Colleague: 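Okay, here's the structure, questions in a sec.
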Amino acid sequence: MSDSDSPQSPLWPLADDDVKDALLSAFADGSWGKYQGPHIPQLEADLARYLDVPHAFCCASGTIAVEIALRALNLPEGAEVLLAAYDFAGNFRAIQAAGLRPALVDVAADRWRVDVEQLEAAIIPETKAILVSHLHGDLAEMPEVMEIARRHQLQVVEDACQAPGAKIGGRQAGTWGDVGTFSFGGSKLLTAGRGGAIFTARDDIYQRAKVYCERGNHAFPLSELQAAVLIPQLAKLELRNQRRAVAVAKFRDATRHSETWITPPPAEGSPAYYKVGWYLADPTTREAVCARLKENGVAIDAGFRGFARRPAAWCRKAGELVQARRAAEATITLHHPILLAEEAELTRAVETVRQIAGG
């Protein structure tokens with residue numbers, strides 16, 4: 001599914017009075033139209049405090065955040081960056097845009113996380129970094145990823161665009177790597193229509209990111225108005241993530257006995273749920289399954305296409321990428337707004353999924 005809002009979902013963004021007040025306040029004091037106002041510094045400070053890192057830096061999108069993060073690593077031109085062969089298309093392109101070369105690693109079976117057992121085997125002398133993502137309610141095994149990176153002196157970009165507020169080993173997703181990224185796109189858990197951020201504990205990465213973006217002013221900016229509406233949302237993220245987790249448990253209970261939907265086990269730690277993923281036992285039914293659910297008002301779509309079919313001229317492929325190919329063919333994802341719906345609407349959606357999944 002694209003980053004656009006789904007017409008089957010409940011209203012998103014939420015009709016939040018605190019966001020409305022932030023909009024009106026930014027209008028009243030004129031800060032909405034300023035190059036340098038109070039909201040971006042406050043949002044960056046709030047993000048840094050929430051994530052317990054010294055530096056947060058806002059930008060125009062989650063996609064450009066990944067590119068900025070990669071450029072801030074100061075890697076050699078043409079160096080390899082490992083990433084899962086099933087991931088968001090923008091991450092592959094960000095590697096290329098930064099003058100680097102993608103190298104594809106398979107995902108774990110029935111998961112959307114990079115397979116750490118294959119990750120280390122994929123490293124060659126040209127490999128200089130890893131780009132790792134948290135997708136579909138799954139969480140990458142960051143302690144293992146970071147141990148591999150340490151042994152081989154690799155740097156890590158941790159894409160938490162789908163997982164703001166998730167925790168791994170009690171630590172915020174996105175803060176395990178050398179640099180992490182968020183997206184504030186129109187369908188994201190924290191939304192300003194567009195926007196993103198990088199965050200890091202490393203002074204050198206923060207400084208290089210700022211230098212890269214400086215073109216007389218910030219070349220890839222978040223606006224003051226966008227920052228203003230994100231500040232109250234960040235304050236509510238923890239409670240909303242808790243509500244989403246309760247709702248996801250209901251959907252997973254509805255499919256756990258299904259013979260046609262494969263329900264992955266919950267990720268270790270505390271996931272965040274932007275898109276909730278399942279595998280279909282028969283991928284050829286995916287189009288019909290999604291269509292039937294949409295007809296019944298439940299926003300479920302196909303997952304990403306992945307990269308396993310991309311030409312060898314564009315990337316190196318470590319192995320046959322069997323599970324990534326399967327993920328591209330068999331994944332379906334539930335769009336998150338239903339997870340915050342009123343109880344009656346949520347119950348109806350859960351029962352619809354139960355009936356169609358045969359769970």
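What you see is a predicted model, and the numbers here were worked out from it, not measured in a lab. Heads up: numbering here begins at 1 and tracks the sequence.
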Colleague: With side chains defined as the heavy atoms from C-beta onward, is the minimum distance between Leu334 and Trp278 less than 4.5 Å?
Modeller: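 Sidechains of Trp278 and Leu334: in contact.
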Colleague: Using the side chain to side chain contact (heavy atoms under 4.5 Å, CB included) rule, take Arg252 and Val248 through it: C-alpha gap first, then chi angles, then the decisive distance, then the call.
Modeller: CA-CA 6 Å; Arg252 285 182 167 162; Val248 168; 3.9 Å; yes
Colleague: Does any part of the side chain of Lys128, heavy atoms only, come nearer than 4.5 Å to the side chain of Gln155, both counted from C-beta?
Modeller: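 Gln155 does not reach Lys128 side chain to side chain.
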Colleague: Can you find a heavy atom in the side chain of Leu189 that is under 4.5 Å from one in the side chain of Tyr273?
Modeller: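 SC-SC contact between Leu189 and Tyr273 ruled out.
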Colleague: For Asp178 and Val157: C-alpha separation, side-chain torsions, deciding distance, then whether side chain to side chain contact (heavy atoms under 4.5 Å, CB included) applies.
Modeller: CA-CA 6 Å; Asp178 293 275; Val157 174; over 6 Å; no
Colleague: Would you say the side chain of Leu339 lies within less than 4.5 Å of the side chain of Val276, judging by non-hydrogen atoms?
Modeller: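 Side-chain contact under 4.5 Å: yes.
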Colleague: Do side-chain atoms of Ser223 reach the backbone of Gln226 as a donor and acceptor pair under 3.5 angstrom?
Modeller: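 Between the backbone of Gln226 and the side chain of Ser223 there is a qualifying donor-acceptor contact (under 3.5 Å).
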Colleague: Under the criterion ring pair (Phe, Tyr, Trp, His ring centres under 6.0 Å), I'd like the reasoning laid out for Tyr279 against His136: C-alpha separation, chi angles, the key distance, then a yes or no.
Modeller: CA-CA 11 Å; Tyr279 278 84; His136 306 339; 9.0 Å; no
Colleague: Any sub-3.5 Å donor-acceptor pair from Glu44's side-chain atoms to Cys58's backbone N or O?
Modeller: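 Yes, Glu44 side chain to Cys58 backbone: donor-acceptor pair under 3.5 Å.
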Colleague: Please examine the side chains of Val350 and Arg354, heavy atoms only from C-beta on, and report whether any two atoms are closer than 4.5 Å.
Modeller: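 Sidechains of Val350 and Arg354: in contact.
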Colleague: Taking atom NZ as the centre, does Lys236 end up with more than 12 heavy-atom neighbours from other residues, nucleotides or ligands that are less than 6.0 angstrom away?
Modeller: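 Yes, the 6.0 Å shell around NZ holds more than 12 heavy atoms from other groups.
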Colleague: Any donor and acceptor pair, going by atom type alone, linking the side chain of Ser258 with main-chain N or O of Ala357 inside 3.5 Å?
Modeller: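 Here the side-chain-to-backbone pair exists.
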Colleague: Taking the inter-plane angle between the rings of Tyr206 and Phe57 on a 0 to 90° scale, is it parallel (under 30°), tilted (30 to 60°) or perpendicular (over 60°)?
Modeller: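 Perpendicular.
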Colleague: For Ala344, does its backbone N or O pair with a side-chain atom of Thr347 as donor and acceptor, under 3.5 Å?
Modeller: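 Looks like no, no N/O pair under 3.5 Å.
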Colleague: Is it true that a side-chain atom of Arg316 and a backbone atom of Ala103 form a donor plus acceptor pair closer than 3.5 Å?
Modeller: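 No; zero donor-acceptor contacts below 3.5 Å.
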Colleague: Evaluate the ring planes of His336 and Tyr274, with Trp represented by its six-membered ring, and classify them as parallel (under 30°), tilted (30 to 60°) or perpendicular (over 60°).
Modeller: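 Aromatic pair His336/Tyr274 classed tilted.
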Colleague: Could you check whether any side-chain N or O of Arg111 sits under 3.5 Å from a backbone N or O of Pro265, counting only pairs where one atom can act as donor and the other as acceptor?
Modeller: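 Confirmed, Arg111 side chain pairs with Pro265 backbone.
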Colleague: When you check the side-chain N and O atoms of Tyr50 and Glu238, is any donor under 3.5 Å from an acceptor?
Modeller: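 Yes, side-chain donor-acceptor contact under 3.5 Å.
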Colleague: Scan side-chain atoms only and decide if Ser31 and His39 contain a donor-acceptor pair under the 3.5 Å cut-off.
Modeller: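 Indeed, the side chains of Ser31 and His39 share at least one donor-acceptor pair under 3.5 Å.
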Colleague: Between Lys317 (side chain only) and Ala308 (backbone N and O only), is there a donor and an acceptor less than 3.5 Å apart?
Modeller: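 Side chain of Lys317 to backbone of Ala308: a pair is present.
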Colleague: Within the 4.5 Å heavy-atom criterion, are Pro143 and Trp176 side-chain neighbours or not?
Modeller: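 Answer yes - side chains close enough.
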Colleague: Any donor-acceptor pair under 3.5 Å linking the side chain of Glu158 with the backbone of Leu131?
Modeller: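 Not confirmed, Glu158 side chain does not pair with Leu131 backbone.
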Colleague: For Pro102, does its backbone N or O pair with a side-chain atom of Trp314 as donor and acceptor, under 3.5 Å?
Modeller: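 Checking the backbone N and O of Pro102 against the side chain of Trp314, no donor-acceptor pair under 3.5 Å is found.
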Colleague: Does the side chain of Glu224 reach to within under 4.5 Å of the side chain of Gln36, using non-hydrogen atoms?
Modeller: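 No - every pair of side-chain heavy atoms lies 4.5 Å or more apart.
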Colleague: Quick one: does Thr191's side chain have a donor or acceptor within less than 3.5 Å of a partner on Lys188's backbone?
Modeller: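 Absent.
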Colleague: Would you say the side chain of Val132 lies within less than 4.5 Å of the side chain of Asp159, judging by non-hydrogen atoms?
Modeller: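 Sidechains of Val132 and Asp159: no contact.
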Colleague: Side chains of Asp203 and His55: donor-acceptor distance under 3.5 Å anywhere?
Modeller: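 Yes, His55 and Asp203 have a side-chain donor paired with an acceptor closer than 3.5 Å.
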Colleague: Flag yes if more than 12 heavy atoms outside Asp52 fall under 6.0 Å of its CG atom; otherwise flag no.
Modeller: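 Counting neighbours around CG of Asp52, 12 or fewer heavy atoms of other residues, nucleotides or ligands fall under 6.0 Å, so no.
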Colleague: Does the Lys NZ or Arg CZ of Arg310 fall within the cation-pi geometry relative to Phe92 - under 6.0 Å from the ring centre and within 45° of the axis?
Modeller: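 Geometry flag: set, cation within 6.0 Å and 45°.
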Colleague: Is the count of non-hydrogen atoms from other residues, nucleotides or ligands lying under 6.0 Å from Glu214 atom CD greater than 12?
Modeller: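 Enclosed.
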Colleague: Does the side chain of Asp87 pick up a donor-acceptor pair with the side chain of Ser133 at under 3.5 Å?
Modeller: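 Distance-only check passes for Asp87 and Ser133.
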